[in-house]
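Reading through the structure tokens given below for one structure.
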Amino acid sequence: MTHPPKTPLLDQVTYPADLRKLEDRDLPQLAREVRDEMIDAVSRTGGHLGAGLGVVELTIAIHSVFDTPDDRLIFDVGHQCYPHKILTGRRDRIRTLRQENGLSGFTRRAESEYDPFGAAHSSTSISAGLGMAIAADLDKNDRRVIAVIGDGAMSAGMAYEALNNAGALDARLIVILNDNDMSIAPPTGAMSAYLARLASGRTYMGFRDFGKKLTAYLGKNIDRAITRAVEHARGYVTGGTMFEEMGFYHIGPIDGHSFDHLLPVLRNVRDNARGPVLIHVVTQKGKGYPPAEAAADKYHGVNKFDVITGAQARVKPNAPSYTSVFAEALVQEAALDDKIVGITAAMPNGTGLDKLAEAFPSRCFDVGIAEQHAVTFAAGLAAEGYKPFAALYSTFLQRAYDQVVHDVAIQGLPVRFPIDRAGFVGADGPTHAGSFDTAFLATLPGFVVMAAADEAELKHMVRTAAAYDAGPISFRYPRGEGVGVDMPARGEILQIGKGRIVKEGTKVALLSFGTRLADCLLAAEDLEAAGLSTTVADARFAKPLDHELIRQLARHHEMLITVEEGSVGGFGSQVMQYLSSEGLLDNGLKIRSLVMPDIWMEQAKPEAMNAHAGLDRAGIVSTVFRALGHGVAVGVAG
Ligand SMILES: Cc1ncc(C[n+]2csc(CCOP(=O)(O)OP(=O)(O)O)c2C)c(N)n1
Ligand SMILES: CC(=O)[C@@H](O)[C@H](O)COP(=O)(O)O
Ligand SMILES: [Mg+2]
């Protein structure tokens, strides 16, 4: 590998049509060059490396055999799509990955006609593919639809809902199961074990007999009912796979890095498949880059790195990450209370629950990519007197909302919800932003909804949640590092529903919910310098609200501004509801509610996103000036 890479063959390929002009014998070289290009690019941008390295040959083979973009190719999650982007007219922008105004780190319809469906949350590809396959049938169009889904993504219930429906509809859908025996962490669950048995139990098929068998099953002029009966009988004789029992013709396992395996199978399926087909390919996450192959996480998500050594750039943090503060606080409380248990949905490292698993392996559960199950599993534990901490990213908690309402809130079960990645997350963009959790939780009767203003507050909230058994309780905190405050040896138990005044003033009141407090304090300095005496308060709770604090701020200030890194409908809306219902808006109080803007904000650095949203120091100051009728507007705050 040279750096920057020499790519004479790839230089001839801008789109798949160029790729399809190459001979089969050229494709291994093309794969080497795509890999080199991708490693070089991600070494400069950071991003998801391991998954894409594992599907270089598969991506090339699919674009070589199928007539993309007319044949639809959908990647599940989409974090493995960098080779696909390099081969579909976006190589020239691949070094803008996940940056402001750059390429998305996932597939996006708005970005390319080669991305027929956006992704980022997992396990959606089969459903979307089925929709497109049925649309093709209704249009009497013979386009093919291919969904590439990983073994990790196959641990989510939605994938089975789709398989179940596809099998029944006998849809012409091609599902390629990319089995690299990895999720972000090593996979969990019975499905993973089943796939491992399939991958090891059934030797790679010889292609002569395979070709005859596949053509016999898939043959154009043989009545489908007969072939399905034959296939079903085969299942009884040879022990059909779960996929076959669900109506799919199951092919594989085949070697997902061998063009000698991939090309004949894909061509045969392209030319003969009449019903749903599942092709089981076995690949290696991180393939072709030794530092990734050797890493426990296969370089799933990496910072910028040195291509030669694989050493990732590490910025020395000024303060511990919120995730590490949560994890350490939880382990500390779990050591004192054996009813505390942790649940993660395939994100042990991302949520920090790997630390709980190390300390108390029998009290930490990785349920796979199964957020709905995670929440109701936690509810079951709570029903039996345990104290479950279901740690989910804000964006992924969205997937389990009905479970939160129906299984936890209505029953008033004391499930604890540590909500990580709350607010803007930066490089992952709108699909991963933690925008809505306050809005969708604070509307639920009986829910306690907290937000940590800094890492010390987070430690208090972990202790408070551990001690709170009266019903469901959540606490949100952002991606990244804290602000560098002094840390208590152990968190304190906060009084439920009580906020705190951080700075006394008389004219303007800034009421913060969450980590925007730091910017509120800086804005207060600027406002004081402009002669505006400013109070800063930390609400701590969006539910129950601190009515006494809010009344005091409303009655003794000319202006009240709420600030939160969340969508409209959250904390500020709760405060407005209270103020209006109490008649506290009837005496001319100037009020503004600063929230994340009502747009899908594309990826950028989180601080830039907060500035664009008017949620930073300058945006808060300009809002006050505008509301008081003087000064210039800064930022785009609405
Ligand atoms: C609903 C949801 N939960 C969690 C995640 C986080 N996540 C991203 S990729 C991934 C693992 C995917 O594993 P697999 O499908 O096997 O793909 P691989 O990385 O192995 O190629 C997870 C858990 C997500 N994207 N969506
Ligand atoms: C693809 C995916 O969904 C995860 O890898 C996600 O990008 C992780 O986000 P963090 O980097 O914030 O842990
Ligand atoms: Mg995998």
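Atom set for the values below is all heavy atoms of this structure, side chains included, hydrogens, waters and symmetry mates excluded. Both counts, for ligands and for their atoms, begin at 1 and track the order of listing.
- At a heavy-atom cutoff of 4.0 Å, ligand 1 is contacted by the side chain of Lys285 but not by its backbone.
- Both the backbone and the side chain of Asp151 come within contact range of ligand 1, each with a heavy atom under 4.0 Å.
- Here atom 10 (C) of ligand 1 lies nearest to Ile184 when heavy atoms of Leu397, Thr283, Ile184 are compared.
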Exercise for review: I would like to know whether Tyr393 and His432 meet ring-ring contact (aromatic ring centres under 6.0 Å, His included); could you show each step before the answer?
Suggested key: CA-CA 8 Å; Tyr393 288 13; His432 282 58; 7.7 Å; no
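- For Phe440 and Phe447, the distance between ring centers is not under 6.0 angstrom.
- The pair Asp179-Lys285 fails the salt-bridge criterion, with no side-chain N (NZ, NE, NH1 or NH2) lying under 4.0 Å from an Asp/Glu carboxylate O.
- Applying the side chain to side chain contact (heavy atoms under 4.5 Å, CB included) test between Gln403 and each of Leu397, Val408, Val415, Thr376 identifies Thr376 as the sole match.
- Contact annotation: the side chain of Val281 approaches that of Leu58 to within less than 4.5 Å [non-hydrogen atoms, C-beta and beyond].
- Looking only at heavy atoms of the protein, atom 21 (O) of ligand 1 is closest to Asn180 ND2, 3.3 Å.
- Ala120 O, 2.8 Å is the protein heavy atom nearest to atom 25 (N) of ligand 1.
- Here is the list of ligand 1 atoms found below 4.0 Å of a heavy atom in Ala346: 23 (C).
- Taking atom 6 (C) of ligand 1 as the reference point, the nearest protein heavy-atom neighbour is Met347 SD, 3.4 Å.
- Protein N/O/S atoms closer than 2.8 Å to the Mg ion (ligand 3), listed by chain and residue number, are Asp151 OD1, Asn180 OD1, Met182 O.
- When side chains are defined from C-beta on, Val56 counts as touching Ile60, because their heavy atoms get closer than 4.5 Å.
- Each of the following atoms of ligand 1 lies closer than 4.0 Å to a heavy atom of Arg399: 1 (C).
- Between Tyr114 and His63, the ring planes are perpendicular. Angles over 60° get that label, and only those under 30° would be called parallel.
- Listed by atom number, the atoms of ligand 1 under 4.0 Å from His121 heavy atoms are 25 (N), 26 (N).
- At the shortest separation from atom 13 (O) of ligand 1 among protein heavy atoms lies Ser183 CA, 3.4 Å.
- Ranking protein heavy atoms by distance to atom 9 (S) of ligand 1, first place goes to His300 CE1, 3.6 Å.
- Using a distance-only test at 3.5 Å, with no hydrogens or angles considered, no donor-acceptor pair links the side chain of Ser155 to the main chain of Ser192.
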Check your understanding: Under the salt bridge (charged side-chain N to carboxylate O under 4.0 Å, His left out) criterion, do Arg95 and Asp40 qualify, and how do the steps go?
Key -> CA-CA 9 Å; Arg95 288 167 180 77; Asp40 181 77; 2.7 Å; yes
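- Ring pair Phe475/Phe389 is perpendicular by interplanar angle, where above 60° counts as perpendicular and below 30° as parallel.
- Below 4.0 Å from some heavy atom of Glu371 lie the following atoms of ligand 1, by number and element: 1 (C), 2 (C), 3 (N), 4 (C).
- Looking only at protein heavy atoms, the nearest one to atom 26 (N) of ligand 1 is Ser122 N, 2.9 Å.
- Per-residue contacts place Ala153 under 4.0 angstrom from the following atoms of ligand 1 (heavy atoms of the residue considered): 14 (P), 15 (O).
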Exercise for review: May I have the step-by-step check of salt bridge (charged side-chain N to carboxylate O under 4.0 Å, His left out) for Arg476 and Glu565, ending in yes or no?
Suggested key: CA-CA 10 Å; Arg476 75 192 311 250; Glu565 202 170 327; over 6 Å; no
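- Inspection of the Thr395 and His121 side chains reveals an N or O donor paired with an N or O acceptor under 3.5 Å.
- Considering only non-hydrogen protein atoms, atom 5 (C) of ligand 1 sits nearest to Phe396 CZ, 3.4 Å.
- In terms of modelled atom types and a separation under 3.5 Å, the side chain of Tyr289 and the main chain of Tyr299 share no donor-acceptor contact.
- Ligand-side atoms of ligand 1 in range of Gly150: 14 (P), 15 (O), 16 (O), range being under 4.0 angstrom from any heavy atom.
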**Study point:** Audit row: His79, Phe106, ring-ring contact (aromatic ring centres under 6.0 Å, His included) steps and yes/no
**Key:** CA-CA 5 Å; His79 65 314; Phe106 306 103; 7.5 Å; no
When you pair each N or O of ligand 2 with protein N or O atoms, which pairs come out under 3.5 Å?
{"unit_1": "ligand 2", "atom_1": "3 (O)", "unit_2": "His432", "atom_2": "NE2", "d": "2.7"}
{"unit_1": "ligand 2", "atom_1": "5 (O)", "unit_2": "His48", "atom_2": "NE2", "d": "2.9"}
{"unit_1": "ligand 2", "atom_1": "5 (O)", "unit_2": "His300", "atom_2": "NE2", "d": "2.8"}
{"unit_1": "ligand 2", "atom_1": "7 (O)", "unit_2": "His48", "atom_2": "NE2", "d": "3.2"}
{"unit_1": "ligand 2", "atom_1": "7 (O)", "unit_2": "Asp428", "atom_2": "OD2", "d": "2.5"}
{"unit_1": "ligand 2", "atom_1": "9 (O)", "unit_2": "Asp428", "atom_2": "OD2", "d": "3.4"}
{"unit_1": "ligand 2", "atom_1": "11 (O)", "unit_2": "Arg479", "atom_2": "NH2", "d": "2.9"}
{"unit_1": "ligand 2", "atom_1": "12 (O)", "unit_2": "Arg421", "atom_2": "NE", "d": "2.8"}
{"unit_1": "ligand 2", "atom_1": "12 (O)", "unit_2": "Arg421", "atom_2": "NH2", "d": "3.3"}
{"unit_1": "ligand 2", "atom_1": "12 (O)", "unit_2": "Arg479", "atom_2": "NE", "d": "2.7"}
{"unit_1": "ligand 2", "atom_1": "13 (O)", "unit_2": "Tyr393", "atom_2": "OH", "d": "2.6"}
{"unit_1": "ligand 2", "atom_1": "13 (O)", "unit_2": "Arg421", "atom_2": "NH2", "d": "2.8"}

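- Close approach of ligand 1 to Gly152 is summarised as follows: ligand atoms under 4.0 Å from at least one heavy atom of the residue are 13 (O), 14 (P), 15 (O), 16 (O).
- Of all atoms in ligand 1, numbered sequentially from 1 with element shown, those under 4.0 Å from a heavy atom of Ala51 are 19 (O), 21 (O).
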Review point. Should Arg32 and Glu57 be marked as a salt bridge (charged side-chain N to carboxylate O under 4.0 Å, His left out) after you check the CA-CA gap, both sets of side-chain angles, and the distance that decides it?
Key: CA-CA 9 Å; Arg32 279 189 290 276; Glu57 288 83 7; over 6 Å; no
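- In this structure a side-chain-to-backbone donor-acceptor pair under 3.5 Å is present from Asp115 to Arg108.
- Judged by distance alone, the side chain of Glu244 and the main-chain N or O of Met242 form no donor-acceptor pair under 3.5 Å.
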Check your understanding: Can you list the steps and then say if Asn349 with Asp354 is a side-chain hydrogen bond (donor to acceptor under 3.5 Å, both in side chains)?
Key -> CA-CA 5 Å; Asn349 180 270; Asp354 53 345; 3.3 Å; yes
